[in-house]
Amino acid sequence: MANLDTFVNRTKPLPVSLSTSQEIRDRASTFVGNIYRARTLAEARAAINHLARVVHGAKPASHEIAAWRCMSLKAGKTGLEGEDDFEVIEGSEDDGESWSGARVLKVMQTEAVMDVVVIVSRWYGGTMLGPIRFEHIETCARDVCRAVRLQDELEDLLATLSSLDDILDNLRSELEKVKSVSSMTVDDAAGPSNSQRRVRKPQDYSSIRKEVDIAKAKRLVTARENAIKNMKTQQEERAPHRKVLRRYLSSYRIFQPRCLSNVQSLTNAPLSPHHPSLQGPRRPPNPLRADGANGPKLDVLKGVKLYILQAKMTAAEIGELYGLAERGGAEICKDVEDAELIITNVSMRKRLERHIEWNVAKSKSLVTPAWLRESVRKNIALPCGDFAALSDLSPTTAANFPAETDTDGETGTSVHPSPTRTTSAQASASHRPPSTPPPTGPIPMNLLPPDPPYRCDMSKLDHLSRFSCCRASPLVCPNQKLCEMLDVMRKTREVEGEDRSSLSYQRAVSVIKGSISEEIAHRRDAEKLPYIGTKLITMIEEYLETGHISEVETTLASPRYHTLTAFTTIYGIGPKTARQLHGLGLTTIEQLETYYGVEHHDVVTTAEHGSLSGEAQTSAGTSSEGSAKAEIQTHVEANKEKAPDAVAVKEAQGVMLDSEEDARDVMEENWIKIALGLRHDLAKKIPRDEVEEIHRVVMKELDDVEPGCVSTIVGGYRRGKEECGDVDIVFTHPNPERTRGLCKRFMRRLYDKGIVTHVMHLSRFHAHNALRTTHWDSLEKALSVFVLPGHKTRRRVDFIFAQPDTYWTAVVGWTGSMMFERDLRLWAKGRGLKFDSSGITRRRDSKLIFPKTEKEVFDVLGLPWIDPTLRNADL
DNA sequence: GGCTGGCAAACA
DNA sequence: TGTTTG
DNA sequence: ACAGCC
């Protein structure tokens with residue numbers, strides 16, 4: 001063997017299959033998939049050849065169907081200029097099995113694997129399989145793609161784990177050193193406190209690797225992180241000088257771009273720092289940001305007036321630089337004119353002139369972000385000349401260097417500008433007292449609402465566009481009555497499960513709301529509108545002549561319509577379930593309650609908190625509940641009584657139900673039961689000022705959990721509704737690492753404090769798997785039931801936590817309205833983009849785009865700016 | 001005339 | 001897996 | 001069971 005190996009004389013290792021799928025056998029044909037790493041076309045080709053000729057050499061397959069996706073440098077590019085230097089090279093070959101290569105490629109695209117080649121081999125057995133063969137081929141391909149993704153994720157986790165282990169070790173020994181020096185109290189150590197300085201044997205994670213136990217790896221990572229946190233607090237208590245600690249923390253952070261270790265183990269070629277696999281969803285946190293923004297205050301830049309030009313910067317970088325500037329004690333100017341020093345990534349005069357006048361620039365010192373980083377790191381204001389951002393300006397940059405002038409005298413300017421705000425886009429921003437600046441540094445300007453607000457240029461809107469995101473749709477339109485009638489049609493179609501028809505009516509409503517500024521007086525006013533066809537014209541004509549629409553009237557006269565729509569108002573009951581329940585013979589919500597076994601004390605939540613709410617109580621309860629009210633009293637007094645009562649009611653009406661077999665399926669203790677209990681509260685609209693109060697309370701609580709967060713109230717409130725069905729809030733934190741898992745932590749706290757009574761839905765998103773490696777926590781959300789302290793009525797509040805990079809797409813995505821969102825996606829699709837609330841992706845190459853402001857979301861999509869209050873495309 | 005119409009994630 | 005949610 | 005696109 002050794003001889004053979006030397007004989008083969010290869011410079012590269014043989015391709016090794018990263019994963020092999022299960023064999024699929026169907027009528028004498030066999031399918032099996034393999035996946036190989038391939039960073040270039042040549043590597044892909046080598047793998048294909050190797051599989052076909054060597055691996056399958058003894059028993060050649062009839063077809064070796066292959067597809068590849070490689071991220072590669074564009075010709076003549078270095079990779080140093082950013083993501084634009086890269087492109088995706090993808091392709092496929094059928095090897096006689098027509099169309100199949102493309103199918104494999106499609107699977108790879110949806111599975112978002114990159115830098116791999118997938119080969120599905122088929123041994124043909126003599127029987128034609130028909131189209132089913134494509135399913136087999138795709139199954140094999142999907143198998144191996146998913147396996148590789150899991151492997152990648154696991155390797156990432158293990159790499160993190162071992163680096164965390166190292167840090168932990170170092171921390172332990174440091175801690176012991178400190179202990180032995182400072183005092184003799186050894187008793188209160190955390191963790192294994194064997195004082196011997198033993199060298200840790202490298203942890204054995206091979207079983208995790210073998211079992212591909214991602215869950216376990218994740219648990220271990222969390223455990224290590226917590227351990228480190230504990231050590232850190234201990235260390236801070238014991239040793240006031242934190243330099244050592246910071247060194248370890250920063251080493252941890254530096255290691256965090258875990259994909260780096262992965263990628264490099266696969267190839268000898270060092271990766272450019274801009275390789276998209278390092279950008280993309282899992283962005284490598286800048287190590288300097290980690291302890292840059294949070295480190296101790298310095299005086300290096302005291303009195304230096306800085307302006308940070310945000311053009312060509314990522315949100316993360318902006319955050320980092322603001323943090324550094326704050327830490328260095330610099331004064332951050334809102335206006336270029338006030339500044340002496342400009343931090344910028346722009347290196348070309350033309351580009352700069354779009355933001356700053358040339359004459360102004362000439363009087364300043366323009367440096368790259370590296371200057372700020374280095375100055376803070378070395379704790380000395382470095383000469384600017386070495387960091388000139390524009391070579392044209394390097395003389396003035398050096399000459400205008402402000403730190404050289406005596407700054408100590410200007411004590412007046414060293415007052416902190418403190419642009420810090422914890423805020424929403426609304427006027428009701430919750431301000432932090434100026435005396436206590438947040439420990440996390442100032443909030444980057446781009447995360448704050450724009451000042452002044454964007455103006456909506458009506459002339460740019462296309463009122464006859466097919467997309468509601470190109471139109472201005474006010475809350476109420478001149479044809480509101482007509483819209484309400486059409487919405488009745490929409491609703492019947494919806495509850496009846498006729499989606500297409502429902503969509504048509506919804507479109508019609510949105511078109512009318514967005515395109516007509518005056519009342520429709522004649523059918524020709526409506527005829528020119530898109531989505532208004534013959535049927536809609538007929539209805540509109542009838543409305544114009546008679547003031548009503550017969551089809552709407554008959555619908556409104558139908559008990560079934562009212563039952564179904566009433567049922568669907570309950571959280572968790574959609575059209576299908578509503579129809580099922582109706583089919584069971586249930587017609588009122590009260591019957592639903594008995595059906596689901598809701599007990600009355602569940603129902604009347606408001607009264608439960610205090611029987612003083614007699615008024616609210618009667619208005620909520622229907623007449624049939626007159627006796628129910630009495631029952632509640634007895635429940636509260638004597639709990640023993642309630643069970644027989646409830647059962648009795650249930651039996652009385654539920655006899656017929658018991659005969660239904662599948663009725664039991666729906667009966668389980670579930671959200672529907674709880675939602676039924678809360679229905680009176682949840683049906684109530686929330687006035688704007690209460691929305692604002694909820695927001696204030698939420699921000700105050702959040703400030704204790706994680707200071708420095710930014711938020712925007714979205715949803716109907718932001719669209720200007722006077723009364724809202726629920727409250728939606730989008731949050732982020734300038735430091736991306738602060739947002740991870742924050743949703744869960746925060747909900748836990750609110751729940752413990754009794755502010756949130758139910759969490760119906762808690763999620764970690766794994767959206768936007770656009771690149772090879774999985775990325776975590778693009779968006780987290782919680783749907784909750786919330787009660788303001790001191791209030792009685794429970795409210796639906798949705799919490800959405802976004803990474804700073806995706807903050808504005810999240811805001812746009814959650815501001816709505818529904819129709820506006822659908823059309824945003826549709827519009828984006830038409831322009832080769834994919835929009836959702838956690839990002840914008842260019843379909844061609846899966847490149848992620850992170851708009852830095854809400855306006856930029858619209859710019860990227862090529863849309864005119866539309867004010868939130870004009871996004872009411874639904875009724 | 002045939003196809004599309006928004007979408008992903010979490011429950012049950 | 002289908003249903004519901006935003 | 002409605003409308004638009006190709």
Side-chain angles (χ1 to χ4, degrees), chain A residues 110 464-469 486 489-490 492-511 526-527 529-540 551 567-581 596 662 664-675 682 714-716 724-730 759-769 777-784 796-800 810-830 833-839 841 873-874:
Chain A
T110 51
L464 296 179
S465 163
R466 294 191 299 112
F467 299 91
S468 57
C469 50
L486 295 180
M489 292 308 297
R490 197 219 88 219
T492 30
R493 300 300 196 233
E494 183 177 283
V495 291
E496 295 295 356
E498 289 151 0
D499 295 354
R500 322 288 163 192
S501 181
S502 166
L503 182 59
S504 297
Y505 287 107
Q506 197 178 355
R507 282 241 150 86
V509 169
S510 84
V511 158
E527 265 169 350
L529 303 182
Y531 295 116
I532 304 288
T534 47
K535 169 101 192 236
L536 268 302
I537 284 292
T538 318
M539 292 175 112
I540 291 172
E551 211 173 334
F567 284 7
T568 49
T569 59
I570 305 299
Y571 185 98
I573 299 183
K576 197 100 172 183
T577 317
R579 290 199 301 275
Q580 271 175 21
L581 294 167
Y596 279 96
D662 39 9
R664 292 283 142 200
D665 293 349
V666 214
M667 285 276 304
E668 302 294 311
E669 174 104 6
N670 55 19
W671 274 116
I672 298 182
K673 179 175 173 183
I674 295 165
L682 299 192
V714 287
C724 309
D726 66 354
V727 183
D728 308 283
I729 310 177
V730 176
V759 180
M760 311 171 160
H761 179 119
L762 187 69
S763 75
R764 298 164 42 95
F765 275 21
H766 299 260
H768 269 290
N769 246 334
D777 310 326
S778 164
L779 234 106
E780 302 177 332
K781 80 170 168 183
L783 312 186
S784 77
R796 284 272 299 101
V797 178
D798 295 345
F799 300 81
I800 300 99
V811 167
V812 171
W814 284 81
T815 296
S817 62
M818 287 296 192
M819 198 62 219
F820 195 88
E821 300 300 323
R822 303 175 96 171
D823 279 343
L824 268 184
R825 292 181 160 88
L826 207 57
W827 168 272
K829 193 175 187 172
L833 299 165
K834 181 176 136 78
F835 174 89
D836 67 55
S837 55
S838 52
T841 318
D874 294 278

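Naming: A, B, ... by sequence-line order, numbering from 1 per chain.
Leu503(A) comes within 4.0 angstrom of a nucleotide base, judged by non-hydrogen atoms across all strands. At a threshold of 4.0 angstrom between heavy atoms, the contacts of Arg490(A) with the nucleic acid are absent. As judged by a 4.0 angstrom heavy-atom cut-off over every strand, Ile800(A) is placed among residues making no nucleic acid contact. Within 4.0 Å of Ser502(A), counting heavy atoms only, lies no atom of the nucleic acid at all. Among the heavy atoms of the strands lying under 4.0 Å from Asp728(A) are primed sugar atoms or P, OP1, OP2 only; no base atom is included.
Note on Arg466(A): every side-chain N or O is 4.0 Å or more away from OP1 and OP2 of dG5(B). At least one side-chain nitrogen or oxygen of Lys829(A) sits closer than 4.0 Å to the OP1 or OP2 atom of dG5(B). Phosphate contact (OP1/OP2 of dA12(B), side-chain N/O of Lys576(A), threshold under 4.0 Å): absent. Dashed line: the shortest gap from a side-chain N or O of Arg822(A) to OP1 or OP2 of dG6(B) is under 4.0 Å.
In terms of modelled atom types and a separation under 3.5 Å, the side chain of Asp728(A) and the main chain of Asp798(A) share no donor-acceptor contact. Under a 3.5 Å cut-off, the side chain of Asp726(A) and the backbone N or O of Arg796(A) do not form any donor-acceptor pair. With hydrogens and angles disregarded, no donor-acceptor distance shorter than 3.5 Å links the side chain of Thr568(A) to the backbone of Pro575(A). Ser502(A) places no side-chain N or O within 3.5 Å of a backbone atom of Arg493(A) that could act as its donor or acceptor partner.
The side chain of Ser763(A) lies closest to dA9(B) when the candidates are dA9(B), dG6(B), dC7(B). You'll find that the side chain of Trp671(A) is closest to dA12(B), out of dG6(C), dT4(C), dA12(B).
Heavy-atom contacts of chain A under 4.0 Å fall on DNA chain D between two terminal nucleotides, which in 5' to 3' order are dA1(D) to dC5(D).
Going from the C1' atom of dT4(C) to that of dG6(B) covers 15 Å, rounded to whole Å. Nucleotides dT4(B) and dG6(C) have their C1' atoms positioned 23 Å apart, rounded to a whole Å. If you take atom P in dG5(B) and the same atom in dT5(C), they sit 23 Å apart, rounded to whole Å.
Taken together, the paired segments of DNA chain C that extend over three or more consecutive Watson-Crick or G-U pairs, each closer than 3.5 Å at both contacts, are B:7-11 with C:2-6.
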Set out, in order, the CA-CA distance, both residues' side-chain angles and the distance that settles side chain to side chain contact (heavy atoms under 4.5 Å, CB included) for Gln506(A) and Arg822(A), then state yes or no. CA-CA 11 Å; Gln506(A) 197 178 355; Arg822(A) 303 175 96 171; 3.0 Å; yes

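Atom-to-atom, CG of Asp798(A) to C1' of dT5(C) comes out at 9 Å; the value is rounded to the nearest Å.
Looking only at side-chain heavy atoms (C-beta outward), Leu486(A) and Arg490(A) stay at 4.5 Å or farther from each other. Inter-residue side-chain proximity for Val714(A) and Ile729(A) is flagged as unmet; no heavy-atom pair is nearer than 4.5 Å. Side-chain atoms of Tyr505(A) and Lys535(A), non-hydrogen and from C-beta on, do get closer than 4.5 Å to each other.
Distance CZ/Arg507(A) to CZ/Phe467(A): 8.0 Å, rounded to 0.5 Å.
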